[in-house]
Amino acid sequence: AEYLEATGAYPRWVRVNTIRSTLEDQLDGTFKGFNRVQTIKEVTSTPGRNLYLDAHVPNLVAISPAFEIIKTDAYKNGEVILQDKASCFPAYLLDPVAGDVIDSCSAPGNKTTHIAAIVNSRVAEGEECIQKVFAFEKDKNRSRTLEKMVRIAGGDGIVRMSFGQDFLKVDPLSPLYDNVTCLLLDPSCSGSGIVGRDNMPTIHLPQGPDSKKTASKTQPQPGGASSSSSSNNKKRKREDKVDKQSTKAEEEVEQRTMIDDDGKETVVSSEQELKKRLDALASFQFVLVLHALEFPAARRVTYSTCSIHTEENEGVVHRVLQSEVARRRGWRVMRRDEQVSGMRKWPVRGVETSGSAEDKVVADACIRSYKDDGRGVMGFFVAGFVRDEDAAERDI
Ligand code: SAM
């Protein structure tokens, strides 16, 4: 009971990095002796070391947060990567097949390394060739983390990284990108879906097999023990108590907290200010998606945020679908029945905004997750856009 209080109700999500390892090897090695539980709730509600094999995302497990995975060789060698389940949705939904892939906003590299792992498996299975993954990151400091993460994950032979590169300045018509068929867009957002701002654990990037330096960059992820010092535990217990008592008004305030890419929080003091911030973010996100839709050979795009706000999520999707570029190039939403099996099965769908027949299709196509709904994941949103093979450019 004590460790549950100390760590909260979130399990630790662990993606097995199939570039360096296999699920079977990890189950027989790092997770040997773990009790296999059948529901996500049991991971945290049952004492001891528990493991739940995820039913939606391949090669993903949830384990008891008290297990110090960051001390294992598997973690240090990049065989496993700590990544929230919802954060695994975009690369899985993108399901890259033939051609090159772009990750437009890459750092710290969770989704880049996930794409690299999927691409690596496809190549190993002899499927139609994916040649390269281009990873762009505008922020030079965050680019360093990306580089480290890709190297540790063994993705450096697959991923070409452009550090300090603004995706909006990448020319879609450059011959370099002639074969880009799939793009993953995971831009800056309000971060309002991120779990437990105050008791957010610190995740350290591992040093990697060939590095002697201690990784310095930290990254928030729900559900793990960071420092196990008793004062921290006491602090968390106090905060948990306060959390439980939180009123609706407090929740509204929480939703006004904006978290930037480095985890810095800004409390937005009024509804008006929140709206202004969300509008600015949504405009940037909209422009970014439109830019992606211009790549000549592109057939599939995923758009994701760790935001709970409709403005940044379904709102952007609707604006994109009504845009000139979407109509000119034949882009439409990736319907639920077209999605990879795990995402089709995922029950939490988008928010309806107008109730029209088209709106219902879009809402069903959108994938959401909510923190604190018992599924053990962070608040997240992802939608896919597709362009059919025979879609011709139209003059509008
Ligand atoms: N996809 C990352 C992952 O899963 O690890 C997280 C991406 S984070 C939400 C957004 C990132 O986009 C930030 O690192 C930010 O610096 C970067 N970014 C913002 N605008 C950008 C742009 N115009 N071009 C490239 N990167 C951008």
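Counting starts at 1 for both ligands and their atoms, following the listed order.
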Asks: Counting from 1, what ligand 1 atoms have a heavy atom of Lys111 closer than 4.0 Å?
Replies: 3 (C), 4 (O)
Asks: So if I count the atoms of ligand 1 from 1 in the order they appear, which ones are less than 4.0 Å from some heavy atom of Asp166?
Replies: 22 (C), 23 (N), 24 (N)
Asks: Under a 4.0 angstrom heavy-atom cut-off, which atoms of ligand 1 come close to Gln165?
Replies: 24 (N), 25 (C)
Asks: So, Thr18 versus Asn59: side-chain donor-acceptor pair below 3.5 Å or not?
Replies: no
Asks: For the residue pair Phe134 and Phe136, does the interplanar ring angle fall in the parallel (under 30°), tilted (30 to 60°) or perpendicular (over 60°) class?
Replies: parallel
Asks: Can you check whether Ser87 has an N/O within less than 3.5 Å of an N/O in ligand 1?
Replies: no
Asks: Please tabulate, one pair per line, all N/O donor-acceptor pairs under 3.5 Å involving side-chain atoms of residues 351-365, not counting sequence neighbours.
Replies:
residue	atom	partner	partner atom	Å
Glu352	OE1	Lys360	NZ	3.2
Thr353	OG1	His318	NE2	3.4
Thr353	OG1	Asp359	OD1	3.0
Ser354	OG	Ser356	N	3.3
Ser354	OG	Ser356	OG	3.3
Ser356	OG	Asp359	N	3.1
Asp359	OD1	His318	NE2	3.0
Asp359	OD1	Thr353	N	3.3
Asp359	OD2	Thr353	N	2.8
Asp359	OD2	Ser354	N	2.7
Asp359	OD2	Gly355	N	2.8
Asp364	OD1	Arg336	NH1	3.0

Asks: State the atoms of ligand 1, each with its element, that fall below the 4.0 Å cut-off from a heavy-atom position in Pro108.
Replies: 3 (C), 5 (O), 6 (C)
Asks: Report yes or no: do Asn313 and Thr305 form a side-chain donor-acceptor pair below 3.5 Å?
Replies: yes
Asks: Regarding ligand 1, does Gly109 bring an N or O atom to under 3.5 Å of one of the ligand's N or O atoms?
Replies: yes
Asks: Give the single entry among Gly164, Ser188, Ala107, Ser162 that approaches atom 19 (C) of ligand 1 most closely by any heavy atom.
Replies: Ser188
Asks: How long is the straight-line distance from CZ of Arg319 back to CD of Gln285, given to the nearest 0.5 Å?
Replies: 9.5 Å
Asks: Does any donor atom in the side chain of Thr30 or Gln26 lie under 3.5 Å from an acceptor atom in the other side chain?
Replies: yes
Asks: Check this for me - ligand 1, Lys138, N or O atoms closer than 3.5 angstrom, yes or no?
Replies: yes
Asks: For ligand 1 and Leu168, I'd like to know whether there is a polar contact (N/O to N/O, distance under 3.5 Å).
Replies: no
Asks: Using a strict 4.0 Å cut-off to heavy atoms of Phe284, name the atoms of ligand 1 that fall inside it.
Replies: 20 (N)
Asks: Go through ligand 1 atom by atom and flag the ones less than 4.0 Å from a non-hydrogen atom of Phe167.
Replies: 22 (C), 23 (N), 24 (N), 25 (C)
Asks: Any N or O on Pro187 sitting closer than 3.5 Å to an N or O of ligand 1?
Replies: no
Asks: May I ask you to list the atoms of ligand 1 that are less than 4.0 angstrom from any heavy atom of Ser106?
Replies: 1 (N), 2 (C), 3 (C), 5 (O)
